[in-house]
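In this text, all values refer to a predicted model and were calculated from it rather than measured experimentally.
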Amino acid sequence: MATEKPQPVQVVYCGVCGLPPEYCEFGSDFEKCKPWLIQNAPDLYPDLLKEAEAKEADKVSGQLQSTSISDGSSTSKPEEVKRLPGGKVKKKEKQEIIIEKVTRNKRKCITTVKGLELFGVKLSDASKKLGKKFATGASVVKGPTEKEQIDVQGDIAYDIVDFITETWPDVPEAAIFFIEEGKKVPAV
């Protein structure tokens with residue numbers, strides 16, 4: 001009585017993540033594994049096959065619509081959105097200058113100017129010009145949000161708006177805001 005030797009099992013491993021195909025969905029790169037799984041193990045994930053066919057049909061119909069509708073007068077590209085790790089969308093910063101007056105030691109004031117760099121202004125040059133114009137100390141410092149801002153000694157909040165718009169003409173007056181009592185107020 002000769003019994004047959006048990007034969008070793010042939011295990012197929014995913015070409016992307018290296019796991020067996022049954023476990024790809026639990027791996028970290030399931031989205032990258034999907035094309036490989038559709039091609040090499042369609043019987044394990046029938047939903048993926050249906051999903052891929054639906055995407056392909058949508059793509060073909062989208063191409064047909066774009067070729068039949070487009071007459072060359074208006075071509076709009078979808079806006080590219082920057083994504084951070086974790087899939088969060090990075091918001092584009094608003095171009096605005098925020099001026100805030102902070103009181104310290106009862107009588108002393110510091111005027112903080114944030115957002116000048118968004119208009120292409122070098123902060124070191126701006127702080128020198130502000131210091132000369134108002135005859136005070138002005139310096140570039142890192143704020144609480146790790147962004148650089150200009151601190152000017154003294155209460156020059158309302159005089160500074162005219163100076164900014166005259167010195168840098170590409171900064172519109174409508175983009176300058178004050179922070180008064182915790183509220184953002186337009187400078188205009």
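Interatomic distance, NZ of Lys34 versus SG of Cys24, reported as 11.5 Å (0.5 Å rounding). Between the CG atom in Asp162 and the CD atom in Glu173 there is a gap of 6.5 Å [rounded to 0.5 Å].
Minimum heavy-atom separation, Lys129 to Trp168: CD-CZ2, 4.1 Å. Looking at every heavy atom in both residues, Gly115 comes nearest to Ile97 through O-CG1, 3.9 Å. Of all the heavy atoms in Ala175 and Gln95, the pair that sits closest is CB-O, 3.7 Å. Closest approach of Lys184 to Ile98, counting heavy atoms only: CD-CD1, 4.4 Å. Summarising the geometry of Thr167 relative to Pro169, their closest heavy-atom pair is O-CD, 3.4 Å, with the distance given to 0.1 Å.
At a threshold of 4.5 Å between side-chain heavy atoms, the hydrophobic network of Ile, Leu, Val, Met, Phe, Trp and Tyr places Ile160 and Phe177 in two separate groups. In the hydrophobic clustering of this structure, Ile99 does not group with Ile179; members are Ile, Leu, Val, Met, Phe, Trp, Tyr whose side-chain heavy atoms approach within less than 4.5 Å, directly or through other members. By the rule that hydrophobic residues join a cluster once side-chain heavy atoms approach within less than 4.5 Å of another member, Ile110 and Ile150 end up as members of separate clusters. A single hydrophobic cluster is seen to contain both Ile176 and Val152, as judged by linkage of ILVMFWY side chains at heavy-atom distances under 4.5 Å, directly or through other members. The cluster map of Ile, Leu, Val, Met, Phe, Trp and Tyr, joined by side-chain heavy atoms under 4.5 Å apart, puts Leu130 and Leu123 in the same cluster.
Ion pairing of Glu180 with Lys183 is absent here, as no side-chain N (NZ or NE/NH1/NH2) approaches a carboxylate O to less than 4.0 Å. Ionic pairing of Glu96 and Lys114 is not present here: no N-O contact between side-chain nitrogen and carboxylate oxygen is shorter than 4.0 angstrom.
Judged as a ring-ring contact (aromatic ring centres under 6.0 Å, His included), not a single pair has a partner in residues 94-127 (not counting sequence neighbours).
Shown are Val102, Thr111, Val141; of these, the side chain to side chain contact (heavy atoms under 4.5 Å, CB included) with Asp151 is made only by Val141. With respect to Asp155, the salt bridge (charged side-chain N to carboxylate O under 4.0 Å, His left out) criterion is satisfied by exactly one of Lys108, Arg104, Lys101, Arg107: Lys101.
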Contacts under 3.5 angstrom, residues 5-22 side chains, donor-acceptor by atom type, not counting sequence neighbours:
none

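Phe163 does not carry Lys133 over the face of its six-membered ring by the limits of under 6.0 Å from the centre and within 45° of the normal.
At distances below 3.5 Å, at least one donor-acceptor pair connects side-chain atoms of Ser127 with backbone N or O atoms of Ser124.
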